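This one's a predicted model, so the numbers in the text were calculated from it and none came from an experiment. Throughout, protein chains are lettered first and strands after them, A, B, ... in sequence-line order, and every chain is numbered starting at 1.
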Amino acid sequence: MVHILIATPDKDPLLEFSTGFNKSNDVEFTWAMKCEEVISKINQNKFDLLLVDEMLSDITGIECLNKVVLENPFLNTAAISSLSAKDYHEATEGLGVLMQIPVNPGAEDGEKLFDYLNNILKMTNPDLKKRINR
Amino acid sequence: MKNGRIAVPSNGIGGLDGTRAGHFGHCDTFTFVDVEDGEIKKVTTLQNEGHAQGGCMVPVNLLAEHNVKALIVGGIGMRPLMGFKQVGIDVFYDDARPEIKPVVEDLIAGNLSEIQNDQVCGGGGGGQPNLA
């Protein structure tokens, strides 16, 4: 089972994106609206990926990632962002974010992220190969 | 540091007479220096694994698996720094000297400081490596 935590104040625009993960039959989504909830959830459960929306109910997604990395640096993350590639790089440098996801992402963006996550999980923990059913 | 294994991100084939790589995650090789009672006992090298965007934890796991106790960097991001802290590897900082030997000797002599959060690359930290 791969556990994905998605932080967004409005999950409806991300439902299509989440279908990009459907190649695996073994994915579970958890949703949060605030960074405060994110911190609480990652301290209580193990997730393989955190995706943050550009703006959460309390702070920006990138501000949230700055908090998350102090709590759990082993958690893989991705960020929805409208920043230019250069500004995004500057804003996230050192945070080790897997991928910048465009605003209003589609299923193909979800699929691309899932494939990339899959590769990272294999690199960081070969045992996870068995957990990812592709 | 009187005992344990020191790792130094290195260019090319590494070794005690080699040069340091600026960004630890992108280095070619890690030079390992094993120290006993304040003396260098053994120097070995380990090829780095491929670095992918967001794959910061690969070298963290790699160095933890090889029993590294201390790492000397010229630049590092917040995520891998926190990762090293969690696996019990102390991270020391020198962004000025490109040679491996003098910084290792300084660490053994207790003359290197641990990196501070405001010295990391990005995220408002001022640390940017001057090394190659």
Side-chain angles (χ1 to χ4, degrees), chain A residues 4 39 42-43 46-52 59-81 83 85-101 112-129, chain B residues 9 21-27 30 46-66 71 73-91 93 95 114-131:
Chain A
I4 313 282
I39 300 297
I42 65 173
N43 282 326
K46 184 185 181 306
F47 294 97
D48 296 300
L49 175 73
L50 163 67
L51 171 70
V52 292
I59 56 176
T60 71
I62 291 174
E63 285 171 340
C64 185
L65 292 183
N66 276 283
K67 292 176 181 287
V68 165
V69 79
L70 301 177
E71 294 286 331
N72 183 356
F74 285 88
L75 176 59
N76 294 301
T77 60
I80 293 173
S81 173
L83 292 174
K86 182 171 177 281
D87 289 343
Y88 171 81
H89 175 78
E90 197 165 308
T92 62
E93 188 181 6
L95 298 178
V97 183
L98 297 191
M99 191 178 286
Q100 179 180 10
I101 307 295
K112 190 174 158 192
L113 176 58
F114 182 72
D115 287 342
Y116 196 78
L117 172 67
N118 193 359
N119 287 334
I120 292 290
L121 291 176
K122 285 176 185 172
M123 287 168 68
T124 49
N125 186 350
D127 292 341
L128 288 171
K129 285 178 188 174
Chain B
H23 278 283
F24 92 95
H26 296 273
C27 72
F30 289 102
L46 177 72
Q47 190 171 356
N48 192 14
E49 295 181 358
H51 185 79
Q53 177 64 33
C56 313
M57 294 301 113
V58 174
V60 173
N61 290 333
L62 184 68
L63 297 191
E65 285 164 9
H66 284 82
L71 173 71
V73 299
I76 192 169
M78 184 60 87
R79 186 181 176 201
L81 176 61
M82 292 298 113
F84 281 120
K85 284 187 177 179
Q86 286 206 357
V87 299
I89 296 176
D90 298 325
V91 182
Y93 182 62
D95 71 341
E114 285 195 46
I115 192 168
Q116 302 301 307
N117 287 1
D118 62 358
Q119 292 174 312
V120 300
C121 301
Q128 293 294 335
N130 297 317
L131 308 174

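The shortest non-hydrogen separation linking B:Pro80 to A:Gly94 is CD-O, 3.9 Å. The two atoms that bring A:Gly96 and B:Cys56 nearest to each other are CA-SG, 3.5 Å, heavy atoms only.
Applying the side chain to side chain donor-acceptor pair (under 3.5 Å) criterion to A:Asp87, with sequence neighbours excluded, gives A:Ser84. Looking at residues two or more places apart in sequence or on another chain, you find a side chain to side chain donor-acceptor pair (under 3.5 Å) between A:Glu71 and A:Asn43.
Among A:Leu70, A:Thr92, A:Asn76, A:Leu75, the single residue meeting the side-chain contact (heavy atoms from CB on, under 4.5 Å) criterion with B:Arg79 is A:Asn76.
For B:Gln47, the CD atom is loosely surrounded, since the number of other residues' heavy atoms within 6.0 Å does not exceed 12.
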